[in-house]
There are 2 protein chains.
Amino acid sequence: MTTDIDIQWVAVLKALAHSTRLQIVMELLKGTKCVTDIHDLLPASQANISQHLTILRHAGIVDFTQKGAQRCYFIRCPELVTGILALLKEDPPLLGKKRISCCSAEAAVGEENR
Amino acid sequence: MTTDIDIQWVAVLKALAHSTRLQIVMELLKGTKCVTDIHDLLPASQANISQHLTILRHAGIVDFTQKGAQRCYFIRCPELVTGILALLKEDPPLLGKKRISCCSAEAAVGEENR
DNA sequence: GCCGCATATAAGAATATTCGAATATTATTT
DNA sequence: AAATAATATTCGAATATTCTTATATGCGGC
């Protein structure tokens, strides 16, 4: 049942599902940056940043252009990334700890539970 | 700096970044289902489905109401989940393999950084 | 109480991720 | 060609995830 599309989706979500990579992506949304720039901004080693960028690139989220010895990384799909971040940002109430009683019609069949 | 928000976001993304869990979530978007229902729909063991549901619940994505011995699981934040899925669905061209040459806004980065 | 159903949890092996350290590669400058 | 700067890759250990098997828990009916 796992379609090719699913696999791509999972790869994208997995690539974003890491604190350092999410921060890299957020920085790149502000503008193209080379590895050193990112290294200066985030608390991770150069090698580690490079590894994360490779993962993001394989997921299709970033790409780079070469400028001399530098590689200028940029987000390939800003709408996708900003969209996902906007949804996450928007939804804190839903992600909160409080229980929301189910609004779904089906569950309303009578007794409430705890 | 890894903020609390980041951690929550990463938890949500990580929870969605698995084929089986993504399929569970897509099924639940169609309507509330109990564990057995999901088990009948997906190729995974009951124990495994239950484990994945626990992960989704801890991430705040699903919750359940109890009906006798059954637990009726539902999506707690349908807007968030449908939103993310819609973005992923929408963006296949961006996730494709083709190289996009840089739009060169980055040229400004130039010499001023070390 | 006991039974059967629905679901959860524990334990453990297999596998995958993460990250640091060291090294390699590539491009530029001298 | 050598030195240097920017970045990537390899290796290995620590840690985390995934999944299976077996067992446990909770619920309703008898």
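Each chain gets a letter, A, B and so on, in the order its sequence line appears, and its residues count up from 1.
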Query raised in the report: For B:Ala44, which contact category applies under a 4.0 Å heavy-atom criterion: base, sugar-phosphate, or nothing?
Result: nothing
Report task. Pick base, sugar-phosphate or nothing for B:His39, based on heavy-atom distances below 4.0 Å to the nucleic acid. Result -> nothing
**Report entry** Candidates C:dA21, C:dA10, C:dA8 - which lies nearest the side chain of A:Ala47
**Finding:** C:dA21
Query raised in the report: Given that A:Gly68 and A:Ala17 both sit by DNA chain C, which one's nearest nucleotide is further toward the 5' end?
Result: A:Ala17
Query - Rounded distance [0.5 Å steps], CG in B:Leu16 versus NZ in B:Lys14 - result: 12.5 Å
Query raised in the report: When you check the phosphate oxygens OP1 and OP2 of C:dA6, does a side-chain N or O of B:Tyr73 lie under 4.0 Å from one of them?
Result: no
Report summary line: Closest of D:dT10, D:dT17, C:dT9 to the B:Lys14 side chain is D:dT17
Requested in this report: Please confirm whether any donor atom in the side chain of A:Gln46 sits under 3.5 Å from an acceptor in the base of D:dA6, or the reverse.
Outcome: no
Query raised in the report: So what does A:Ser45 touch, heavy atoms closer than 4.0 Å: a base, only the sugar-phosphate, or nothing?
Result: sugar-phosphate
Requested in this report: Assess whether one donor atom and one acceptor atom, taken from the side chain of A:Gln66 and the base of D:dT7, lie less than 3.5 Å apart.
Outcome: no
Report summary line: Looking only at C:dA6, C:dT18, C:dA8, the nucleotide nearest the B:Thr36 side chain is C:dA6
Report summary line: The nucleotide from D:dC19, C:dT18, D:dT7 with an atom nearest the side chain of A:His18 is C:dT18
Query raised in the report: Is a donor-acceptor pair below 3.5 Å formed from side chain B:Gln70 to base D:dG26, judging by atom type as modelled?
Result: no
